[in-house]
Colleague: 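One structure follows; several queries about it will come next.
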Amino acid sequence: MKVVICGAGIAGLTLANRLSVLGDEVVLLERAPGPRTQGYMIDFFGTGYDAVEAMGLLPAVENVAYTVDEASLLDEDGRRRGRVQYTQFAKAIHGRLLSVMRPDLERVLRENLPEAVDLRFGATVTAVNDHGDGVTVGLGDEEIEADLLVGADGIHSTVRRLVFGEKPLRCLGFHTAAFQFDAPEIHAAIGDRFCLTDTVGRQMGFYALRDGRVAAFAVHRTTDPQVPKDLRTAIRESYRGLGWVVPTALDRCPPSSEIYYDQVAQIEMPRWGKGRVVLVGDSCYAVSLLAGQGASLGIAGAYVLAHQLAHEPSIERAVSEYERLWRPITEEKQQTARAGARWFLPESVIQLRIRRAALKAARLPLVNRFVAGALAGKSSALITAMRAPGRNPVVRYP
């Protein structure tokens, strides 16, 4: 079987790895001219952790992970007003938690692609023609014939637009940004913490990178879904007036080309597959950063799709089973994110004080286990079950 995957992000790289290992011919297309370096720190746990372990890549991911002792909420003078201890949270989910920069996770997946994968940067899908027994993927001056096209190209998916013609973006009322800058004094002050401003309506966070730089994460409330054209100016205006180290960070904010910026949104699709085209990852079930498991769900969803394609007698059956198995898990995470939106970034001083009180209570063992369970969501042994012996790939004739 020949598969074209659009999008060489976390989900696309995982799917390319699995399908190639299972014997399929894979062409992996990425619109960007090269690997992206923008992104923020993620807490990596759950089903994606299980999938990476099943792929034999857990040691490589552990090698690029960071040690984070706690997430500290700091006032305008840098005084701690609340905290979340990572060791307690990790213990509550049996230690299966890693703090990883998203670009580093992508790099691990990319560097471990089988040599047979045809990875092409600077390749944009311009047309899709599903002719029943296969699909033609247009790249402008070139066409690729394949048995299946997979859209793994994020919340602004080109494949979704061309094939499904839908705009299922559910904006959650936030914009987010991430960038890196040099500031040795801030790097030393942060140490092994993730430091966040304890503020209303807007918030910036900082963590120290191993190369000596400081990574910044920013989020603010807004009713405007449009992403500004001048990212650097927009960030400096949106977060002006915040205290502690924020003025220094804004002063050293890099050019727009070095900034990650997007709206915080979810994708809700009535169906994930259509003929010889299927979507995976953020392109069809983005949960948003409020859920905290976007990368994990992207990896695990790709693993599930690859497994079904290898073990079902037809592509159509595989796509249907992938959605049946995986949709309930992603919808539960989306609901969790929407329910917690008001506490993710308080709208008022009262909400801010309630959050501080909740963080103090979370230090108690029973409360901490409850909070960890709520964030992790319902446990799923889906990936583990797929690793069970006796599940050999079937021979399929597309």
Colleague: Answer yes or no: is there a side-chain heavy-atom contact under 4.5 Å between Ile259 and Arg232?
Modeller: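 SC-SC contact between Ile259 and Arg232 confirmed.
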Colleague: Judged by modelled atom types alone, do His307 and Glu321 share a side-chain donor-acceptor pair under 3.5 Å?
Modeller: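 Side-chain D/A pair, His307 to Glu321: absent.
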Colleague: I'd like to know if the side chain of Gln266 and the backbone of Gln334 have a donor-acceptor N/O pair within less than 3.5 Å.
Modeller: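 It does hold such a pair.
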Colleague: I'd like to know whether Thr14 forms a side chain to side chain contact (heavy atoms under 4.5 Å, CB included) with Met55, so could you lay out the CA-CA distance, the side-chain angles of the two residues, the decisive distance to 0.1 Å, and finally the verdict.
Modeller: CA-CA 9 Å; Thr14 301; Met55 294 165 65; 3.9 Å; yes
Colleague: Find the distance between CD (Glu70) and CZ (Phe194) and round it off to the nearest 0.5 Å.
Modeller: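 It is 12.0 Å, given to the nearest 0.5 Å.
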Colleague: So how far is it from Tyr261 OH to Asp230 CG, rounded to the nearest 0.5 Å?
Modeller: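 Tyr261 OH to Asp230 CG: 11.0 Å, rounded to 0.5 Å.
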Colleague: For the residue pair Trp272 and Phe164, establish whether any side-chain heavy-atom pair is separated by less than 4.5 Å.
Modeller: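 Of all side-chain heavy-atom pairs linking Phe164 with Trp272, none is under 4.5 Å.
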Colleague: Pick out which of Val319, Val159, Val278, Leu279 makes a side chain to side chain contact (heavy atoms under 4.5 Å, CB included) with Val150.
Modeller: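 Among Val319, Val159, Val278, Leu279, the one that satisfies the side chain to side chain contact (heavy atoms under 4.5 Å, CB included) with Val150 is Val278.
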Colleague: For Thr158, is there any backbone N or O sitting under 3.5 Å from a side-chain donor or acceptor partner on Asp153?
Modeller: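 Flag set: sc Asp153 to bb Thr158 pair under 3.5 Å.
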Colleague: Test of understanding: clusters of I, L, V, M, F, W, Y form through side-chain heavy atoms closer than 4.5 Å, transitively. Do Ile155 and Leu231 belong to the same one?
Modeller: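 Looking at the clustering, Leu231 is in a separate group from Ile155.
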Colleague: Any side-chain heavy atom of Tyr207 sitting closer than 4.5 Å to one from Ser99?
Modeller: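 No; the side chains remain at least 4.5 Å from each other.
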Colleague: Is there side-chain contact between Val3 and Asp147, with heavy atoms separated by less than 4.5 Å?
Modeller: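 No, their side chains stay 4.5 Å or more apart.
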Colleague: What is the minimum heavy-atom distance between Ala306 and Arg18, and which atoms define it?
Modeller: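 Result for this residue pair: CB-CB, 3.4 Å.
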Colleague: First locate atom CG of Asp198, then atom CZ of Arg79, and finally report the distance between them rounded to the nearest 0.5 Å.
Modeller: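 That separation rounds to 11.0 Å.
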Colleague: Could you go through Val27 and Ile144, starting from their C-alpha distance and side-chain angles, then the distance that decides it, and tell me whether this counts as side chain to side chain contact (heavy atoms under 4.5 Å, CB included)?
Modeller: CA-CA 9 Å; Val27 179; Ile144 303 176; 4.1 Å; yes
Colleague: Return yes if a side-chain donor-acceptor contact under 3.5 Å exists between Thr136 and Glu143, otherwise no.
Modeller: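 The answer is no; no qualifying pair exists.
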Colleague: Answer yes or no: is there a donor N or O on one side and an acceptor on the other, between the side chain of Tyr40 and the main chain of Tyr260, under 3.5 Å?
Modeller: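 The answer is no, because no donor-acceptor pair under 3.5 Å joins these two groups.
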Colleague: Could you tell me whether a side-chain N or O of Arg252 sits under 3.5 Å from a main-chain N or O of Asp182, the two making a donor and an acceptor?
Modeller: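 Pair found, side chain donor or acceptor close to backbone of Asp182.
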Colleague: Taking C-beta and beyond as the side chain, do Ile299 and Val52 meet within less than 4.5 Å on heavy atoms?
Modeller: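 Ile299 reaches Val52 side chain to side chain.
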Colleague: Against the six-membered ring of Tyr285, is Arg327 placed for a cation-pi contact (under 6.0 Å from the centre, within 45° of the normal)?
Modeller: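 Judged by the rule (NZ or CZ under 6.0 Å from the ring centre, within 45° of its axis), Arg327 is not positioned above Tyr285.
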Colleague: For Asp133 and His131, which I'm curious about, is there any donor-acceptor pair between the side chains at under 3.5 Å?
Modeller: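 A pair is found: one side chain offers a donor N or O, the other an acceptor, under 3.5 Å apart.
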Colleague: Charged N to carboxylate O below 4.0 Å: is that the case for Arg338 and Glu332?
Modeller: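 Here Arg338 does not pair with Glu332 in a salt bridge, since their nearest N and O are not under 4.0 Å apart.
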Colleague: Atom CG of Asp211 and atom NE2 of His187: how far apart are they, to the nearest 0.5 Å?
Modeller: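 Rounded to the nearest 0.5 Å, the CG-NE2 separation comes out at 7.0 Å.
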Colleague: Might you point out which heavy atoms bring Ile10 and Leu109 nearest each other, and give the distance in Å?
Modeller: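 Looks like O-CD1, 3.7 Å.
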Colleague: Would you name the heavy atoms of Leu172 and Ser288 that are closest together and state the gap between them?
Modeller: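 That would be CD1-OG, 3.5 Å.
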Colleague: Write down the atom of Leu169, the atom of Ala265, and the distance for their closest heavy-atom approach.
Modeller: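 That closest heavy-atom pairing would be CG-CB, 3.9 Å.
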Colleague: Give a yes or no answer on whether the side chain of Ser320 reaches the backbone of Glu316 with a donor-acceptor pair at less than 3.5 Å.
Modeller: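 Pair absent, no side-chain N/O of Ser320 close to backbone of Glu316.
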Colleague: State the CZ-SG distance between Phe181 and Cys253, to the nearest 0.5 angstrom.
Modeller: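 Between atom CZ of Phe181 and atom SG of Cys253 there are 9.0 Å.
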Colleague: Does any part of the side chain of Thr47, heavy atoms only, come nearer than 4.5 Å to the side chain of Ser296, both counted from C-beta?
Modeller: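 Touching, per the 4.5 Å side-chain cut-off.
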Colleague: Roughly how far, to the nearest 0.5 Å, is CG of Leu29 from CG of Asp118?
Modeller: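 Asp118 CG to Leu29 CG: 8.0 Å, rounded to 0.5 Å.
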Colleague: Evaluate His156 against Gln263 for side chain to side chain donor-acceptor pair (under 3.5 Å), listing each step before the verdict.
Modeller: CA-CA 11 Å; His156 306 293; Gln263 59 183 302; 4.9 Å; no
Colleague: So, Gln38 side chain and Pro103 main chain: donor-acceptor pair closer than 3.5 Å or not?
Modeller: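 It does not hold such a pair.
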Colleague: Within the structure provided, determine whether Met204 and Leu250 are in side-chain contact (heavy-atom separation under 4.5 Å).
Modeller: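 Sidechains of Leu250 and Met204: in contact.
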Colleague: Are Leu15 and Ile315 linked, directly or through other ILVMFWY residues, by side chains that come within less than 4.5 angstrom of each other?
Modeller: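 Hydrophobic grouping puts Leu15 with Ile315.
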Colleague: Return the minimal non-hydrogen interatomic distance between Arg355 and Pro346, and the atom names on each side.
Modeller: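 That would be NH1-CD, 3.4 Å.
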Colleague: Do Val68 and Tyr49 belong together in a cluster built from hydrophobic side chains that touch within less than 4.5 Å?
Modeller: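 Result: yes, single cluster for both.
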Colleague: Which heavy atom of Ala208 sits nearest a heavy atom of Gly191, and at what distance?
Modeller: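 The pair with the smallest heavy-atom distance is CB-O, 3.8 Å.
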Colleague: Please check: side-chain N/O of Glu30 versus main-chain N/O of Ala32, any donor-acceptor pairing under 3.5 Å?
Modeller: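 Between the backbone of Ala32 and the side chain of Glu30 there is a qualifying donor-acceptor contact (under 3.5 Å).
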Colleague: Under 3.5 Å, is there a donor-acceptor pair between the side chain of Ser283 and the main chain of Gly151?
Modeller: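 Judged by distance alone, yes, a pair lies under 3.5 Å.
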Colleague: Short question: side chain of Ser20, backbone of Ala116 - any donor-acceptor pair under 3.5 Å?
Modeller: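 Flag not set: sc Ser20 to bb Ala116 has no pair under 3.5 Å.
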Colleague: Run the side chain to side chain contact (heavy atoms under 4.5 Å, CB included) test on Glu62 and Leu98 for me, step by step, so that the C-alpha distance in whole Å, both residues' side-chain angles and the decisive distance to 0.1 Å come before the verdict.
Modeller: CA-CA 7 Å; Glu62 290 175 330; Leu98 295 172; 3.9 Å; yes
Colleague: Contact between Leu119 and Leu113 at the side-chain level, heavy atoms closer than 4.5 Å - yes or no?
Modeller: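 Yes, their side chains come closer than 4.5 Å.
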Colleague: State plainly whether one hydrophobic cluster holds both Met41 and Val246, where clusters connect Ile, Leu, Val, Met, Phe, Trp and Tyr through side-chain heavy atoms under 4.5 angstrom apart.
Modeller: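 No, Met41 does not connect to Val246 through the hydrophobic network.
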Colleague: Identify all side-chain donor-acceptor contacts of residues 216-224 below 3.5 Å with residues at least two apart in sequence or on another chain.
Modeller:
from   : atom 1 : to     : atom 2 : distance (Å)
His220 : ND1    : Tyr239 : OH     : 2.8
Arg221 : NE     : Leu345 : O      : 2.9
Arg221 : NH2    : Ala341 : O      : 3.4
Arg221 : NH2    : Leu345 : O      : 2.6
Thr222 : OG1    : Asp224 : N      : 3.1
Asp224 : OD1    : Gln226 : N      : 2.9

Colleague: Side chain to side chain contact (heavy atoms under 4.5 Å, CB included) for Val4 and Leu28? Distances and angles first, verdict last.
Modeller: CA-CA 6 Å; Val4 173; Leu28 180 56; over 6 Å; no
Colleague: Give a yes or no on whether the backbone of Gly46 and the side-chain of Arg96 come within a donor-acceptor separation of less than 3.5 Å.
Modeller: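 Answer holds: no.
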Colleague: Answer with yes or no whether the hydrophobic clustering places Met101 together with Phe179; edges join I, L, V, M, F, W, Y residues whose side-chain heavy atoms lie under 4.5 Å apart.
Modeller: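 No; Phe179 is not reachable from Met101 via cluster members.
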Colleague: Verify salt bridge (Lys or Arg N to Asp or Glu O under 4.0 Å) between Arg120 and Glu142, making sure each step is shown before the conclusion.
Modeller: CA-CA 13 Å; Arg120 306 184 191 181; Glu142 179 188 0; 3.0 Å; yes
